[in-house]
Amino acid sequence: MSGRVIVITSGKGGVGKTTTNANIGTALARAGKKVVMIDTDLGLRNLDLLLGLENRIVYTIVDVVEERCKLKQALVKDKKNPNLCLLAAAQTRDKTAVTEEQLKNICEELQKDFDFILVDCPAGIEQGFQNAVAGASEAIVVTTPEMSAVRDADRIIGLLEAKEEIKSYKLLLNRVRPNLIKSNDMMSVEDVVEILSADLIGIIPEDTGIITSTNKGDPIVNDETSLAGKAYNNVARRIIGEDVPFLNLEEDRGVIAKVKKFFSGLIGKEK
Amino acid sequence: MKDIFQDLFNKVFGFFRQAEKEENAKDTAVNRLRVVLMQDRTNLTPELLEKMRGELIELLSKYVEMDKDALELNFEQEGNQMALMLSIPVLRAKDEDEIEDQDDEKTSSENPEEEEQNDNSEDAQDQEPEKENSDETSEEEEQKIEESNTNQKEQKSK
């Protein structure tokens, strides 16, 4: 077995890299794939929190690199899904504790046992980014329809294109707000895709459910009623190779519209 | 009484005109992003762009009299292609005699420099392709100048 190594990156911080990582990883595992997530954000780890695994970490990636434990010992199994593992970042060390070469070796070893290796990249374009990208052959660039996020994504795409090892990269547009787009207050999906001229792999709506799911340490893809969860599930299916159409994000607005119509119908009858 | 109506009319008319002009937040974002990404991608800083503008003015004023302050030099994106758009408000094209006179003035003043450059053959070789390039661009510009000239004529005839 030779698994696919996908790095999830963005340039700008706070656009939802780690959330995307946790959800795509969980969704792939739910689809029966063997998945391992590597948190490379040394000193600022968070992926463990989003998965609710913060109390189970014994060894980190730095322990593996410095040979205090075997790679398999450092993999933390997910609570719900036996197909899902996490290789946590060290919280007490900085980005220099792991080199590009070492990360490449870890990815190569994990490729033997897993279908997917998802690498969570730190924000920025410095060594942390270089390390995270080193072992990957595919990339997902996370951005939001905001100017600063799009600008940073453009920079990241430029850097990815210069890397020979990266065979393909896809764009994931996060925190999309359909009603703001409708009122021309936010850039549309088409605007961002045109500006960055990159292939789209997912459109995720802004969803307050993300906050509660993070608080619980339970990725939103586990909530089947959530629109963002559905959107992340679709991303995972596209990664596997299924042809899934993009969600109509105005679906829930449609429900409201129907309710409004219903009431206006009643009022109409009264007259 | 008439004044009051006129005032009211201006206010109402002004309101509609303002509403028309106002760019929405999304368009502002897209336009600002385009400009800033052009600069990021090409590494062309505003200072370099300004320098280029200055040199273009110098080159073009040999052939035309123009409104230098209204000259616009911008990037535009068409799909994956980036284009440098130059818009020159032409006041008057110079005739051949004027251009020749300028050439004579220049060559006479530049003569001593040229002699120096001839001593260094490498420099002279380097300059040749540059000259060709500048000839090409000036041809393109002339086409545009012609266009804007005809536009001006049309406006006059109106």
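Residue numbering restarts at 1 for every chain, and letters A, B, ... go by the order of the sequence lines.
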key: Pair A:Arg155 + B:Asp40, salt bridge at N-O below 4.0 Å   = no

query = Looking at B:Leu37, B:Thr28, B:Asp27, which one has more heavy-atom pairs under 4.5 Å with chain A than the rest?
reply = B:Leu37

inquiry  = Going by side-chain contact (heavy atoms from CB on, under 4.5 Å), B:Leu33 matches just one of A:Val192, A:Val150, A:Asp191. Which one?
reply    = A:Val150

ask   = Within a strict 4.5 Å, meaning less than it, do heavy atoms of the A:Glu194 and B:Arg34 side chains meet?
value = yes

message = Taking side chain as everything from C-beta outward and backbone as N, CA, C, O, which of these in A:Met187 sits under 4.5 Å from a heavy atom of chain B? Side chain, backbone, both or neither.
response = both

task = Identify which part of A:Asp185 has an atom lying under 4.5 Å from any heavy atom of chain B, answering side chain, backbone, both or neither.
result = both

message = Evaluate B:Arg32 against A:Met147 for side-chain contact (heavy atoms from CB on, under 4.5 Å), listing each step before the verdict.
response = CA-CA 8 Å; B:Arg32 286 177 62 206; A:Met147 293 186 62; 3.6 Å; yes

inquiry  = Heavy-atom count check: over 12 atoms from other residues, nucleotides or ligands less than 6.0 Å from A:Arg175 CZ?
reply    = no

